[in-house]
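Chain identifiers are assigned alphabetically (A, B, ...) following the order of the sequence lines, protein sequences preceding nucleic acid strands; residue numbering begins at 1 within each chain.
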2 protein chains.
Amino acid sequence: MLARSQETLQPGATMNALSDLQATLDASRKSWVESANAPACDFPIQNLPFGIFSDGLNSTRRAGVAIGDCIVDLAALESAGLLTVPSSSASDSVFVRDALNDFIALGRDVWRSVRIQLSKLLSRDNPALRDDAELKSRALIRQADATLHLPVQIPGYTDFYSSKEHATNVGSMFRDPKNALLPNWSEIPIGYNGRASSVVVSGTPVRRPNGQLKLPDQERPVFGACRKLDIELETGFIVGHGNALGEPIPCAQAEEHIFGMVLLNDWSARDIQQWEYVPLGPFNAKTFATTISPWIVTLDALEPFRIAQPAQDPQPLDYLRHGGEHAFDISLEVLLKPQGAKEATTIARTNFRHMYWTMAQQLAHHTVSGCNTRVGDLMGSGTISGPTDDSFGSLLELTWNGKKPLQLKEGGTRAFIEDGDMLTLAGWCQGDGYRVGFGTCVGEILPARQ
Amino acid sequence: MLARSQETLQPGATMNALSDLQATLDASRKSWVESANAPACDFPIQNLPFGIFSDGLNSTRRAGVAIGDCIVDLAALESAGLLTVPSSSASDSVFVRDALNDFIALGRDVWRSVRIQLSKLLSRDNPALRDDAELKSRALIRQADATLHLPVQIPGYTDFYSSKEHATNVGSMFRDPKNALLPNWSEIPIGYNGRASSVVVSGTPVRRPNGQLKLPDQERPVFGACRKLDIELETGFIVGHGNALGEPIPCAQAEEHIFGMVLLNDWSARDIQQWEYVPLGPFNAKTFATTISPWIVTLDALEPFRIAQPAQDPQPLDYLRHGGEHAFDISLEVLLKPQGAKEATTIARTNFRHMYWTMAQQLAHHTVSGCNTRVGDLMGSGTISGPTDDSFGSLLELTWNGKKPLQLKEGGTRAFIEDGDMLTLAGWCQGDGYRVGFGTCVGEILPARQ
């Protein structure tokens, strides 16, 4: 793993920085924040994901890092002199912002430096913060007492369609089961522009959209509330270093442009979608809301979970080729909890490793025409479906367009989402005795506007 | 015309403000900036479009209004006490900004107040600025000495597809001439999300994109430079007042949310588009560049040119209905000038009045699902094609996918755009003895990246 990690470091990095970075991933490292050391905790010292939070005592939105059941207030550490931000020229703290963009824009060396400093500060044997009760009371906030906000201001949102299983399932249902996969799918990491304005953070209620529905027995469409409301289980990556207009990002360097990953629920109104999407793609069926998880897990934290992507046949065109391993082993699941239910039902379990096209290929394709990207851009993976019936990433596939409703734990069934349902995405990478988790990505459905 | 204008004013507006606004549209009003009074000048005193500029003496980007061959520096007038911005709480001038967003966000009453003040200040009989040589030398910049920048920071870009003639032409070429118009087209102002990052201002060179091309004689796509580079003649409107997530904009009120209009060239790589666009719509074929004109012509300035939209059959669903007239009589043309040519050839002449769906219907549809819009959002009309062969808004249609190349004035033909070609869109509303123009929207094509 050390060798693999070295490959992804910039040539200029010193061996010191290399070994420091490697140490942040050491499975045996423990934190003095004891909750971080529980095997099922999403936020061990190996993770250190970035987010934006506020709390009851301080309503200012500011940057934090999750550790166990707490959040480290980065600005508080910085003003106490325990954390330094190399190359920040801001007169105020780059951490006292509504979004992480200014911090991310400082570049990968800075993200890494902050990550390394935090890993040391939070290590069990480091007394600097551990034994400073006064500072700790200000700089360590319980997650239960905090509100998490959208972590980045998103200049552009693109959604891909990179699961072969998902594309095949959808093609089977809506086009031709014999030629389910369109000819361009195996050549292009197909993607389309999404709507950035309606990307919301986990926990934001989502209102069932109204729109045009084409009912089978009527000649003209009717206007009304979506009857086939669905999720799409996705991950998203956040661009950490953009590219200028006209200057494509080569596939082999694309991962250097990625800050980190989130969970993403691409809410979809299937009936609106089916009527509107030809020939220019989905629009109102998707633009009403997209939910992302609040913590951005850095690509550095995911390094130990890097694995080989599925074999690609045919061999992609040159501009989409990269040596090495570019998939990540991320377990994913979807839970549905009806209003008033005590327990949620797990309706799908899958893994990000199934994705046919890699994030690097997506970004290389996105920019190959010269299209520019910017810090904070969000790129959705597309629905992540696995090979088995219970590993599909949408109700459309899980219930085969409503024909095979799912049984819920406490009784009742679901073909599509009902009002009051709470949908939760969860994801994590399983390490040896710990896991690097994404937390959850949650949304409850409110009834349509009358 | 007075009555029509009154209808669109907010109920709270006083009769004074009403008559002041009406006076800004008075065809007989002349300016002491004599170049503004020429009949073919795009920027008479009746227009007063807003933009962002800088000049050799002052590289700070700031807000200006075009008058004749000059630009009025709004911050200079404000600091001299000749222009006041109601309800601005900024400590500095809202006009000293890289983009107009902060000014636009102050609301329609403020845009109107500034417009009314400028119309008075620039009137032939008003000595306040006219006779103040010192101030005039600072506040009036010749357009020839200035650089124009993107007028707004664009949070979101949506492109519609609202010309019946264009949709029919494309459907005839690529699908079925007998059923050229898809069934959803007459019910939905079809639109899709565009890429905001690559919207550039007029004058920015555009590099021919590379991408995947599917040649008819080959089984697999090849990678290379686009061979069918095209324009799309469009207008765009700028959202002046957004809506919150979950709160649709009613069709009857939609125009109140529009700040103004620009010309828009939706550059399109037809070969890349044809291979990639099924099933999620155009992506790389469009995301490499979109050019807009630098001056935003306010909806108030367009008021005298309001006319009835084409009859809609079938009657749109309720949420898309608005009484009254919501089309605008805007003459449009496209010019092509090959590298080294002395003169450009006019390759198309058409009019915005042909559009089937109105801007109000587009915005109502965009938000009916609950999708939010924000100040500065750009909404493209879709290619504007008229009913005749020489009124089509793209080379795809003008040359019928390259089969009928156009003759150029100085010899040679064009099926699609060649390297070094300069494409210019122009647009204006013809008044009695004056015209309210958009200026031009220009882009020269650079060879593809090797």
Side-chain angles (χ1 to χ4, degrees), chain A residues 155-159 161 170-171 175 182-184 187-188 190-198 200 207 209-212 214 220-223 242 245-248 269 272 275-285 287-289 314 317-319 365-366 368-374 377 449, chain B residues 155-159 161 170 175 182-184 187-188 190-198 200 207 209-212 214 220-223 242 245-248 269 272 275-285 287-289 314 317-319 365-366 368-374 377 446 449:
Chain A
Y157 163 41
T158 300
D159 199 21
Y161 187 59
V170 172
R175 287 180 294 268
L182 290 164
N184 60 9
E187 301 282 0
I188 301 178
I190 294 281
Y192 69 108
N193 301 300
R195 178 78 189 170
S197 70
S198 52
V200 297
R207 193 166 287 286
N210 290 313
Q212 289 198 22
K214 185 73 167 55
R220 290 196 58 195
V222 297
F223 180 79
L245 191 64
E247 296 178 16
I272 296 172
W275 172 233
E276 77 173 357
Y277 90 101
V278 177
L280 298 182
F283 186 56
N284 281 12
T287 58
F288 60 97
L317 295 180
D318 281 349
Y319 80 93
H365 179 71
H366 198 312
V368 76
S369 66
C371 180
N372 53 333
T373 61
R374 295 182 285 194
D377 277 350
R449 192 185 163 92
Chain B
Y157 163 41
T158 300
D159 199 20
Y161 186 59
V170 172
R175 288 179 294 269
L182 291 165
N184 60 9
E187 301 282 0
I188 301 178
I190 294 281
Y192 68 108
N193 301 300
R195 178 79 188 169
S197 70
S198 52
V200 297
R207 192 165 288 286
N210 290 314
Q212 289 197 22
K214 185 72 167 55
R220 289 195 60 195
V222 297
F223 180 79
L245 192 63
E247 295 178 18
I272 296 172
W275 171 233
E276 76 174 358
Y277 90 103
V278 177
L280 299 181
F283 186 56
N284 280 12
T287 58
F288 60 98
L317 295 181
D318 281 349
Y319 80 93
H365 179 70
H366 198 312
V368 76
S369 65
C371 180
N372 53 333
T373 61
R374 296 183 284 194
D377 276 351
L446 305 179
R449 193 184 162 90

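In terms of heavy-atom pairs under 4.5 angstrom with chain B, the leader among A:Gly370, A:Ala285, A:Gly242, A:Pro183 is A:Pro183. In terms of non-hydrogen atom pairs under 4.5 Å with chain B, the most contact-rich of A:Pro155, A:Pro221, A:Ala269, A:Pro282 is A:Pro221. The residue among A:Tyr161, A:Tyr192, A:Tyr277, A:Tyr157 with the most heavy atom pairs within less than 4.5 Å of chain B is A:Tyr192. Per-residue heavy-atom pair counts under 4.5 Å with chain B were compared for A:Arg207, A:His366, A:Arg175, and the maximum is reached by A:His366.
Counting only distance, with no hydrogens or angles, the side chain of A:Asn284 and the backbone of B:Val368 share no donor-acceptor pair below 3.5 Å. A donor-acceptor pair under 3.5 Å is absent between the side-chain atoms of A:Glu276 and the main chain of B:Ile188, judged by distance alone. In this structure a side-chain-to-backbone donor-acceptor pair under 3.5 Å is present from A:Ser197 to B:Asn372. Looking at A:Gln212, its side chain does come within 3.5 Å of a backbone N or O of B:Glu187 through a donor-acceptor pair.
Of the atoms belonging to B:Leu280, heavy atoms from both backbone and side chain fall under 4.5 Å from chain A. Only the side chain of A:Thr158 comes within contact range of chain B, with heavy atoms under 4.5 Å apart. For a residue to count as touching a neighbouring chain, one of its non-hydrogen atoms must lie under 4.5 Å from one of that chain's; by this rule A:Tyr319 touches chain B with the side chain only. Interface remark: A:Leu317 contributes backbone and side-chain atoms alike to the contact with chain B (heavy atom separation under 4.5 Å). For A:Asp377, the part lying near chain B is the side chain, with the backbone staying farther off; criterion is any non-hydrogen pair under 4.5 Å. Both the backbone and the side chain of B:Pro279 come within less than 4.5 Å of a heavy atom of chain A. No part of A:Val170 comes within reach of chain B, as not one of its non-hydrogen atoms sits under 4.5 angstrom from that chain.
The two residues B:Asn193 and A:Phe283 make their nearest non-hydrogen contact at OD1-CE1, 3.6 Å. Of all heavy-atom pairs between A:Arg449 and B:Gly246, the closest is NH1-O, 3.4 Å. The minimum heavy-atom distance linking A:Val278 with B:Asn184 is given by the pair O-ND2, 3.0 Å. Closest approach of A:Ser198 and B:Leu245 over heavy atoms only: CB-CD1, 3.6 Å. Across all non-hydrogen atoms, the minimal contact from B:Arg374 to A:Ala196 is NH2-C, 4.0 Å. For the pair B:Gly156 and A:Arg195, the tightest heavy-atom approach, listed with the atom from each and the gap, is CA-NH1, 4.1 Å.
Separating the CG atom in B:Leu182 from the CH2 atom in A:Trp275 is a distance of 9.0 Å, to the nearest 0.5 Å.
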